[in-house]
Amino acid sequence: MKLSVSARAVAAGAVATAMLLTGGAVADAASAPPRPAAAPDIPLAGVKAHLSQLQSIATANGGNRAHGRPGYKASLDHIKAKLDAAGYTTAVQQFTASGRTGYNLIADWPGGDANRVVMAGSHLDSVSSGPGINDNGSGSAAVLETALAVSRAQYKPAKHLRFAWWGAEEVGLVGSRHYVNRLATGDRSRISAYLNFDMIGSPNPGYFVYDDDPAIEKTFKEYFAGLGVPTEIETEGDGRSDHAPFKSAGVPVGGLFTGASRTKTAAQAAKWGGTAGRAFDRCYHSSCDTTANIDDTALDRNSDAVAHAVWELSQ
């Protein structure tokens, strides 16, 4: 059908209007900020492989990975080798505690704003009475696998990423305190968040979130809410893990915990499962804290939460 002159004019105007609207939408899309990168799923198998290696190291070194013992240094060397191969700049910080030499391992991912540093850390030492697979192989392995995921993704965060494995936590937070005390005031102020992960695979788990910094707390709570997993404020380990020196220095801190020697209540068992009237970790600081002393679901959820927070807070 042939259009009249007036109809053709109307149609042309409609086409022009549509082009303007479409062009505006394209322009708006082009000028919109890029969507934040989503954290990858952290493979449980990868985290458990690290735990198996830590168990093997303990077994070969008197049954533990304690401060000043061969099993601790072997654990640190194992993790350092993986990070070096993944492209991190690593540094080993030496100190003395209880008459023995201790070590921290610090790993920096290249790039990001050095004036805004996001750190994730965990203590690597066990007590002398056991291999320390939940306490704190679980946190150490999850932080390691998150760091390796950063490398696999070739992630380019806006902020600078730093990961840490602390020595001598079990003898008084010595390694993390040594690190914080030797930071210049300006370097402390450049750390925008320190995230601590200590015992995140307890066999009768709870889901506890530190309530120190509101923004970090919200990040973790919203993640677990998205899974339909209720959380509670962490109180059992408050001030007893490596976030404490950072908090005392004015650094915003947060973290996760699945419980130690406290007893799970009936109300907690009703919402989380597990066994009421039993400790969250009945092998806490004992020889039975082996690879058999881990709840896979809790370890998987918390490992993914580690990565989620690292990605969310570094953009």
Side-chain angles (χ1 to χ4, degrees), residues 32-51 79 82-83 85-89 106-113 116-122 136-165 191-201 205 207-210 212-231 234 243 252-258 294-315:
R35 292 174 64 86
D41 179 72
I42 297 301
L44 177 62
V47 180
K48 293 193 73 175
H50 301 318
L51 293 182
I79 291 177
K82 287 190 172 293
L83 295 165
Y88 281 84
T89 300
I106 312 298
D108 284 271
W109 181 242
D113 184 352
R116 298 182 299 157
V117 178
V118 172
M119 287 190 72
S122 58
N136 182 38
S138 60
S140 294
V143 171
L144 173 57
E145 192 60 25
T146 296
L148 296 178
V150 167
S151 175
R152 288 192 295 266
Q154 287 298 292
Y155 179 42
K156 300 186 184 305
K159 298 178 184 178
H160 181 74
L161 284 179
R162 181 174 298 151
F163 298 91
W165 290 263
I191 302 174
S192 60
Y194 172 71
L195 312 176
N196 195 61
F197 304 101
D198 191 350
M199 300 181 67
I200 59 171
Y207 291 87
F208 299 100
V209 176
Y210 297 10
D212 297 286
D213 179 79
I216 300 174
E217 179 186 356
K218 180 182 178 185
T219 299
F220 286 122
K221 283 186 169 181
E222 287 183 345
Y223 178 79
F224 281 105
L227 299 179
V229 177
T231 58
E234 198 284 306
H243 61 292
V253 302
L256 300 173
F257 179 62
T258 52
I294 290 290
D295 181 88
D296 283 359
T297 299
L299 183 64
D300 191 22
R301 288 170 171 171
N302 281 283
S303 297
D304 287 338
V306 174
H308 171 76
V310 166
W311 256 257
E312 186 78 12
L313 295 170
S314 64
Q315 298 184 35

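Model, not experiment: these values are computed from the prediction.
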K.L.:
Counting only N and O atoms by type, is there a donor-acceptor contact under 3.5 Å from the side chain of H243 to the main-chain atoms of L195?
P.N.:
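Checked: no pair found.
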K.L.:
Spell out, as yes or no, whether a donor-acceptor pair under 3.5 Å connects the side chain of T219 to the backbone of A215.
P.N.:
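Here the side-chain-to-backbone pair exists.
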K.L.:
Can you give me the closest heavy-atom contact between D198 and F257, atom names plus distance?
P.N.:
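Closest heavy-atom pair between D198 and F257: O-CD1, 3.1 Å.
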K.L.:
Which value, rounded to the nearest 0.5 Å, describes the distance between L144 atom CG and S122 atom OG?
P.N.:
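It comes to 9.0 Å.
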K.L.:
In Å, rounded to the nearest 0.5 Å, how long is the span from NE2 of H160 to OG of S314?
P.N.:
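It is 11.0 Å, given to the nearest 0.5 Å.
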K.L.:
Any idea how W311 and Y155 line up, ring-wise: parallel (<30°), tilted (30 to 60°), or perpendicular (>60°)?
P.N.:
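Answer is parallel, since the angle falls under 30°.
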K.L.:
Could you give the distance from CD1 (I216) to OH (Y210), rounded to the nearest 0.5 Å?
P.N.:
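So the gap between those two atoms works out to 11.5 Å.
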K.L.:
Got a second to check how far S303's OG is from D41's CG, nearest 0.5 Å?
P.N.:
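Reported value, rounded in 0.5 Å steps: 9.5 Å.
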K.L.:
Would you say Y207's side chain and R301's backbone share a donor-acceptor pair under 3.5 angstrom?
P.N.:
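No, Y207 side chain to R301 backbone: no donor-acceptor pair under 3.5 Å.
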K.L.:
Would you say N136's side chain and M199's backbone share a donor-acceptor pair under 3.5 angstrom?
P.N.:
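Looks like yes, one N/O pair under 3.5 Å.
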K.L.:
Would you say the side-chain atoms of D108 pair up with the backbone N or O of R162, donor to acceptor, closer than 3.5 Å?
P.N.:
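Absent.
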K.L.:
Just verifying a value: how many Å separate L227 CG and D304 CG, rounded to the nearest 0.5 Å?
P.N.:
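Here the interatomic distance stands at 8.0 Å.
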K.L.:
Going by an N to O cut-off under 4.0 Å, is there a salt bridge joining E145 and K82?
P.N.:
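Not counted as a salt bridge, because no side-chain N and carboxylate O are separated by less than 4.0 Å.
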K.L.:
Determine whether a donor-acceptor pair (N or O, by modelled atom type, separation under 3.5 Å) exists between the side chain of D300 and the backbone of D296.
P.N.:
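Not confirmed, D300 side chain does not pair with D296 backbone.
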K.L.:
Under the 3.5 angstrom rule, does the side chain of K221 hit a backbone N or O of T231 as a donor-acceptor pair?
P.N.:
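Pair absent, no side-chain N/O of K221 close to backbone of T231.
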K.L.:
Taking it one step at a time, do L148 and H50 satisfy side-chain contact (heavy atoms from CB on, under 4.5 Å)?
P.N.:
CA-CA 12 Å; L148 296 178; H50 301 318; 4.0 Å; yes
K.L.:
To check you understand the geometry: which heavy-atom pair defines the closest contact between N302 and L256, and what is its length?
P.N.:
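Distance-wise, the nearest heavy atoms are OD1-CD1, 3.4 Å.
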K.L.:
Quick one: pull up CZ in F197 and OG1 in T146 and give me the separation to the nearest 0.5 Å.
P.N.:
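Output value for this atom pair is 7.5 Å.
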